[in-house]
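Report on the structure given below.
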Amino acid sequence: MMNDRSRDIGPFVPAPDDDMIVCRCEEITKGEIRRAVHDGMYTVTEIRRWLRAGMGLCQGQTCSKLVKGIAARELGISPALLEPASSRAPMRPTEMKVLGREEGACA
Amino acid sequence: MLRITEHPILGAPEKGRRVEFTFDGRTMSGCEGEPVAAALKAEGVMIHRYTSKRHEPRGIFCAIGRCTDCVMVVDGVPNIRTCVTPLHEGMDVRTQYGVTDRKDFGEEAR
Amino acid sequence: MKRYDLIVIGAGPSGLSAAAEAASKGLRTVVFDENERPGGQLFKQIHKFFGSKEHKAKVRGYNIGKQLLQEAADAGVDVVLNAPVEGLYPDHEVTVRIGDSLRHFKGDAVIAATGASENMAAFKGWTLPGVIGAGAAQTMMNLHGIKPGNKVVMLGSGNVGLVVSYQLLQAGVEVAAVVDALPHVGGYGVHAAKLARTGVPFYLSHTIVEAEGEDRVKGVTIAEIDNKFNFIPGTEKHFDADTICVAVGLSPMSQLLKMAECDVPDDPSKGGQAPRVGAFGETSVKGVFAAGDVSGIEEASSAMIEGRITGLAAAESLGFITKQELEAETAGLENQLASLRRGMFAPGNKGRKITETDEGIALSESLLTQGYVADDEIARFPGVTKQRGIHPVIECTQNIPCNPCQDACRKGCIRIGKDITSLPAVDTDSQCVGCGLCVAACSGQAVFLVDEDYEEGYASVTLPYEFLPLPETGARGTALDRSGAPVCEAEVVEIRTSPAFDHTNLLTMKVPADMAMTARFFRNQKTESEAC
């Protein structure tokens, strides 16, 4: 349903709070997220890939619900209908040296 | 003074011994084993880092190691979550600019 | 690769309960937790819990944490701390960061008890140092003994916002206001009332316009909002504050279960993306279970019971107990869980506007919009009676699952009955002896002892007091009413402390007789800043 790109969601209308940071790690603003939706990014995964919102150190711990809410509002649908971003390991920021020392991988 | 000395329910907090550490070269003290962020808070330090893009100040936000807003350069290593890193004697804690402890971070990248 | 019968992820209330229960059935059980200390949020919860005896009601959260840790240790559970689980895979494989390496473990069964994460609200200036989560405030003051600031504005009037606001006061922090975008207080009325009577103002249908300050919070502006969440111009209010606490709900921390390919739909009634689970916490992936907040946001009391049920289910799934044993052992637990899920705040009532109690009494509108029961509303509740001599006055006006007051009274003055959510009623035929056990037992601090015939022209009011410094007998000060407004002079005539009261002190103050049903808090003369 949210992949129906033929649906008209109207033009991007600038708002006074567009400059407000939403993704604290990657410093992505509300305006950037709203504009991305109007540019055709209808799912959280697309927004993530395009803007890097939720791709920083905290991996979307803080902003994922906010991003989802902003995108849903722009699309005029309930946030629950918007497919969430996928989850992948590692859950917490992990240095490459730790991943390099993965048990089993390098005996 | 932000340290609680006597609490109506918990009594006097159980803390480690007093140790010295440095914040941007300045000597400060805190309790061994408490999070670096707690020691900084008690010393009145609010700003842990400045962000990469907008150079804006950040400090403690979640205090449980999830949000990564309180990261600093600790003993030469950047991106250390100070809210879940225990304080030790002689620790070298520095304000993080972008991902380094150099104020000119970002200027250089431009 | 190390193999266990059961791997539990998270050493909070549900994880520890599950592990203890499973280990007691013979499962080799390990619990991984990313934190330095076990217990999840329990060790930050310094208030007395609600519920009944079986739910450990009137025991403070951190003491429940200690009991659970002991139980898990006695059962032979291996608790590994500083061990964040980085990945969970459908074939029951778990990757854990331990020290500087990533280790792999296999569990014949896996229970995810990963808890919740805090929701956030974005507003102008919300990235400034000084804007923190309510959980951060709780962590700093109750675990680390550091006040998060000197003056706080709390955004959110759910139980977390209310409980943390009260804890801030207990730590010696000023709470300038409790603000909520919703038109009604979201949490228990009793939690709101104990804040309001100390003078904390509530601003419902308000939200934060801006966190002010250049490089740290110096103040905050709030404004009223309309029903479309737009600010109403001209309603702005400013507060000086160095800290803004955000308590706008919790979401299940279900990422690991999604990684493991469990079915994790978005369910607003559960607070977000929560795994679809069966009666025993089993997810759509065989051998993977979920318990506690990750399977739907509730109280810690419910999480502990869910944990036990899930631990038993894991034992059954691996053949350590029979299906019959599982059903027999969980029947009682299911009943306990059902009783906690009743009342006005039951998960099924989320978002529903309730206007009267189960007894058919109109709810206090003032409690919902200002945080306290108004003078002209209080008399209609069954815990509020007028009698000769000393007697309990129970200002418990919402149906919540809680009954320690009934158990506390040995004279039979307090009746709740079989239904744990019924409002407590005071029996005027029974003889109160003024022991005060009910005052100390009430987790909501809603029980007072009132003696309208204390002295010629004077009444006495005994109230629960959990602040420092504790006033001394003979201290003179000001009595505050339920709204926190100063109403008259008061003299402390008795202070009672007892191990049985568990840090709830009983302060008895003498007030003019006509203030017996009005005066509900005492403020010392010395700390008095405004004229009465």
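Residue numbers start from 1 in every chain, and the chains themselves are labelled A, B, ... in the order their sequence lines are given, proteins ahead of strands.
With respect to chain B, the highest number of heavy-atom pairs below 4.5 Å among C/Ile132, C/Leu143, C/Leu128 belongs to C/Ile132. With chain C as the partner, the residue from B/Gly65, B/Pro13, B/Pro35 showing the most heavy-atom pairs under 4.5 Å is B/Pro35. Most heavy-atom pairs under 4.5 Å with chain B, from the set C/Ala134, C/Ala171, C/Gly135: that is C/Ala171. Top candidate by heavy-atom pairs under 4.5 Å with chain C, chosen from B/Cys70, B/Gly59, B/Pro57, is B/Pro57.
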I'd like a table of all donor-acceptor pairs linking chain B to chain C (distance under 3.5 Å, no angle check), giving the atom names and the distance to one decimal.
residue	atom	partner	partner atom	Å
B/Leu2	O	C/Lys147	N	2.7
B/Ile4	N	C/Gly145	O	2.9
B/Ile9	O	C/His503	NE2	3.4
B/Lys15	NZ	C/His144	O	2.5
B/Lys41	NZ	C/Pro148	O	2.7
B/Phe61	O	C/Gly133	N	2.9
B/Arg66	NH1	C/Ala116	O	3.3

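Contact check for C/Val439 versus C/Phe501: no side-chain heavy atoms found under the 4.5 Å cut-off. Counting heavy atoms from C-beta on, the side chains of C/Phe32 and C/Val80 come closer than 4.5 Å. Side-chain contact between B/Ile60 and B/Leu40 is absent, with no heavy atoms from C-beta onward closer than 4.5 Å. The shortest side-chain heavy-atom distance between B/Thr100 and B/Val73 does not fall under the 4.5 Å cut-off. Counting heavy atoms from C-beta on, the side chains of B/Ile4 and C/Ile146 never come closer than 4.5 Å. Using a 4.5 Å heavy-atom threshold, the side chains of B/Val74 and B/Val77 count as separate. For the pair C/Val131/C/Phe123, a side-chain contact is recorded, criterion being any heavy-atom separation below 4.5 Å from C-beta on.
In this structure, chain B has heavy atoms under 4.5 Å from both the backbone and the side chain of C/Met141.
Checked for salt-bridge contact, B/Asp104 and B/Arg102 meet the test: a charged N lies under 4.0 Å from a carboxylate O.
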